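Written out below as C-alpha cells is the structure these notes cover.
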Amino acid sequence: MNFRRSHKRNFSKESAPAETVTLRMERMAQGGDALTHLQDGRVCFVSGALTGELAEVVLSQNKKDFAKGFAKRILEPSEFRTEPQCPFYGKCGGCSMEHATFEFQLEAYRKSIEELFRRFAKTELPASWKIHSGKPYGYRNRARLVRIGKGWGFRETQSHNVIPVAQCKVLTPALNKALAANTFPNVPELSVFDNGSGKISYYYKGMSPAEFEKCAMNSVQIGDAKISMDSACFFQSNLEVLPELVETVKKAAGTGEYLIDLFSGVGFFATVLKKNFKKIVTVEREGKALFHANKNVPEAHNVSSPAEDWLAQNDASGADVLIVDPPRTGLPSSALEAIAKANPKKWIYISCDPSTLARDFRLLSENFGYKILNAEGFAFYPQTPHFEMFLELKRV
Ligand SMILES: C[S@@+](CC[C@H](N)C(=O)[O-])C[C@H]1O[C@@H](n2cnc3c(N)ncnc32)[C@H](O)[C@@H]1O
C-alpha cells in the first residue's frame, strides 16, 4: 500500500541523506505520531503511521536519545486506517490524524494521554475516565483565513506558503457556505467565527470601529447563558461539545461564596457559573476581552492582567473554586506555585495541551502533594492530535 500523501512536511529540511528502515509500530504517542523502537533501542516517532502497522520509514531526525521519521509506504495497514477525505491532507497541517478512523483517534487520545501521565507525572488517570465527543467533521466554528488570489486559504505547516482551500471538511457547514459565497472583505488575513445560531462574524487588522461593531461582534448561546464575544478574541472552537465541558465544570464547581476564573477570556466560565457564587473575580491578559467580561459578568471584579501578576498581588486562598484555563504553554511556574500555596478548596484545571498539563500536574504532585479527583476528556478537535482535558485537583 502506497502512503500517497506524504508526511514529509515536518522533516524535509533536516535529512541529509535520509535513511529508510522498516519498522513495526508499537503504539500511538501523544501528538499523533506512532511510536516504535529502532534496532539500537532508541525510540522513534513516526508520522503517518498507526499502531500495529509495518511501514517503510524515512528517518529524518537522528538524535542521541530518539529519532523521528515519516511513513513513506505502509506495508501492512491497520484495520483502522482510512482514506483521508481532505485533498490537502499532509499539506495544510490541520488534520494530521485523518488517516485513522474516528474510533481509533478517540482510543489513541485515551491511551496516549494515560501513558503521558503515567510516564511524566507518575500518576494513573482515574479508571475509565470519560471522553466526550461529537461529530468527526463539520465541527470547527472558527478559522483564520489567508487571502490567496480571489479566494482564501490556510497557511501550510511550518512555512509561509498558503494553500488555497475552497472548502474545509472540519469547518461548520455555515463557515463553508460563507467561504463559498466569499462575501468577506478583500484583506490579507481574516478571523471568522460561526456562533452556531446563524451569525458569522469576522475580524481583520485595521478594521474601523464602526465595522468592528457591525461585523466582528457576536454572541454565543450556551444553555441559558448568552455570552458576548467578538471575532478578534479567544473563544472555544467546538460549540457542539462545549456544553458538555460547561456541564462538567458546573458539576465540579457546585456552589460557594468565592469563585476565581483565571485565563478567563470573555469571562466564559464565570458567566456560566455566576448564579452559584456571591463573589467572582475573572483575570485575563488580553485587554480587549475585558469589554465582554464586563458585559457577561457585570457582578464580577473583572481584571485585565497576566494571571501570574494578579496572583503575586492577591491572595487566592479564600477561593471556594479556582478555575485555570491557560493556553497551550500551560501555567507560568509562578502562577502554579502561587495557586498551589493558596490551596483553594476546589481547583479545576482545563487544558488544551495534555503535555503541559502533565508537566504542571507532575510539579503539583511532587512539590505540593496534589491528586487528581476527576478527569474528563473532550474531543474538541477531531482529525487533529489536539485534545481538551478537564482535571479536578485536590491537595491531600
Ligand atoms: C484557552 S483560552 C481560555 C479562555 C476562556 N477560559 C474560555 O474558555 O473562553 C486562554 C486564555 O488565556 C489568556 N492568557 C494567556 N496568557 C495569559 C496570562 N499569562 N494571564 C492571563 N491570561 C492569559 C488568553 O488571552 C486566552 O484568552
Side-chain angles (χ1 to χ4, degrees), residues 132 140-142 144 191 193-196 201 203 218-223 225-250 252-253 259-274 277 280-297 300-314 316 321-339 347-357 360 376-378 380-381 384 386-391:
H132 303 254
R140 193 175 167 86
N141 51 276
R142 73 183 164 102
R144 183 167 295 171
S191 298
F193 185 86
D194 167 13
N195 78 345
S201 53
Y203 167 77
N218 212 333
S219 63
V220 179
Q221 191 75 37
I222 304 279
K226 188 175 177 190
I227 304 177
S228 169
M229 52 82 66
D230 67 63
S231 302
C233 59
F234 176 87
F235 205 87
Q236 300 289 357
S237 56
N238 187 326
L239 295 183
E240 185 193 3
V241 191
L242 183 59
E244 297 192 33
L245 172 61
V246 167
E247 281 314 306
T248 303
V249 170
K250 273 185 170 172
L259 167 72
I260 301 177
D261 179 6
L262 301 180
F263 306 85
S264 53
V266 297
F268 183 78
F269 288 109
T271 309
V272 295
L273 289 170
K274 64 184 177 185
F277 292 86
I280 301 176
V281 173
T282 75
V283 184
E284 160 62 44
R285 186 176 65 182
E286 184 52 64
K288 288 179 192 148
L290 187 62
F291 168 83
H292 298 289
N294 283 334
K295 212 167 153 188
N296 291 327
V297 243
H301 176 43
N302 298 307
V303 182
S304 179
S305 157
E308 56 276 31
D309 293 359
W310 185 84
L311 285 161
Q313 287 151 17
N314 294 274
V321 177
L322 185 143
I323 298 176
V324 295
D325 183 11
R328 281 189 194 153
T329 42
L331 285 177
S333 54
S334 64
L336 179 140
E337 201 167 306
I339 301 169
W347 182 355
I348 293 170
Y349 190 145
I350 294 146
S351 160
C352 51
D353 188 335
S355 328
T356 52
L357 180 66
D360 288 350
E376 295 194 27
F378 297 84
F380 272 3
Y381 322 97
T384 84
H386 302 295
F387 192 75
E388 194 86 3
M389 286 289 288
F390 157 98
L391 291 187

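Positions are given from 1 along the sequence. Both counts, for ligands and for their atoms, begin at 1 and track the order of listing. Because the structure is predicted, anything quoted here is derived from the model rather than measured.
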Run the numbers for me: atoms of ligand 1, each under 4.0 Å from some heavy atom of [X], listed by number.
X	value
D325	1 (C), 2 (S), 3 (C), 4 (C), 5 (C), 6 (N), 7 (C), 8 (O), 10 (C)
E286	25 (O)
P326	1 (C)
A307	18 (C), 20 (N), 21 (C)
E308	18 (C), 19 (N), 20 (N)

Pairs of nitrogen or oxygen atoms closer than 3.5 Å, one from Q236 and one from ligand 1: do any exist?
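Yes; at least one N/O pair falls below 3.5 Å.
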Could you say whether the N/O atoms of P306 and ligand 1 ever approach to under 3.5 Å?
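Not met; the criterion fails.
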Options E388, R328, R285, E284, ranked by nearest heavy atom to atom 15 (C) of ligand 1, top entry
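The nearest heavy atom belongs to R285.
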Which class fits the ring pair W347 and Y349: parallel under 30°, tilted 30 to 60°, perpendicular over 60°?
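The arrangement is parallel - the two ring planes meet at less than 30°.
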Fit a plane to each ring of Y381 and H386, take the angle between them on a 0 to 90° scale, and name the class: parallel (under 30°), tilted (30 to 60°) or perpendicular (over 60°).
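Ring orientation, 0 to 90° scale: perpendicular.
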What verdict does the side-chain contact (heavy atoms from CB on, under 4.5 Å) test give for F234 and R142, after you've listed the backbone C-alpha separation in whole Å, the side-chain angles of each residue and the deciding distance to 0.1 Å?
CA-CA 10 Å; F234 176 87; R142 73 183 164 102; 3.4 Å; yes
Counting only heavy atoms, which portion of [X] has something under 4.0 Å from ligand 1: side chain, backbone, both, or neither?
X	result
F235	neither
A289	neither
F263	both
S264	backbone
C233	neither

Say whether, by atom type as modelled, one donor and one acceptor occur between the side chain of [X] and the main chain of [Y] under 3.5 angstrom.
X	Y	result
S305	A307	no
D230	C233	yes
N302	E284	no

In Å and rounded to the nearest 0.5 Å, what is the CZ to CG distance from F380 to L239?
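If we round to the nearest 0.5 Å, F380:CZ and L239:CG are 9.0 Å apart.
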For the student: nearest non-hydrogen atoms of R144 and S191, plus distance
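Scanning both residues completely, I find the closest heavy atoms to be NE-OG, 3.8 Å.
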Within the 4.5 Å heavy-atom criterion, are I227 and V266 side-chain neighbours or not?
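A side-chain contact under 4.5 Å exists here.
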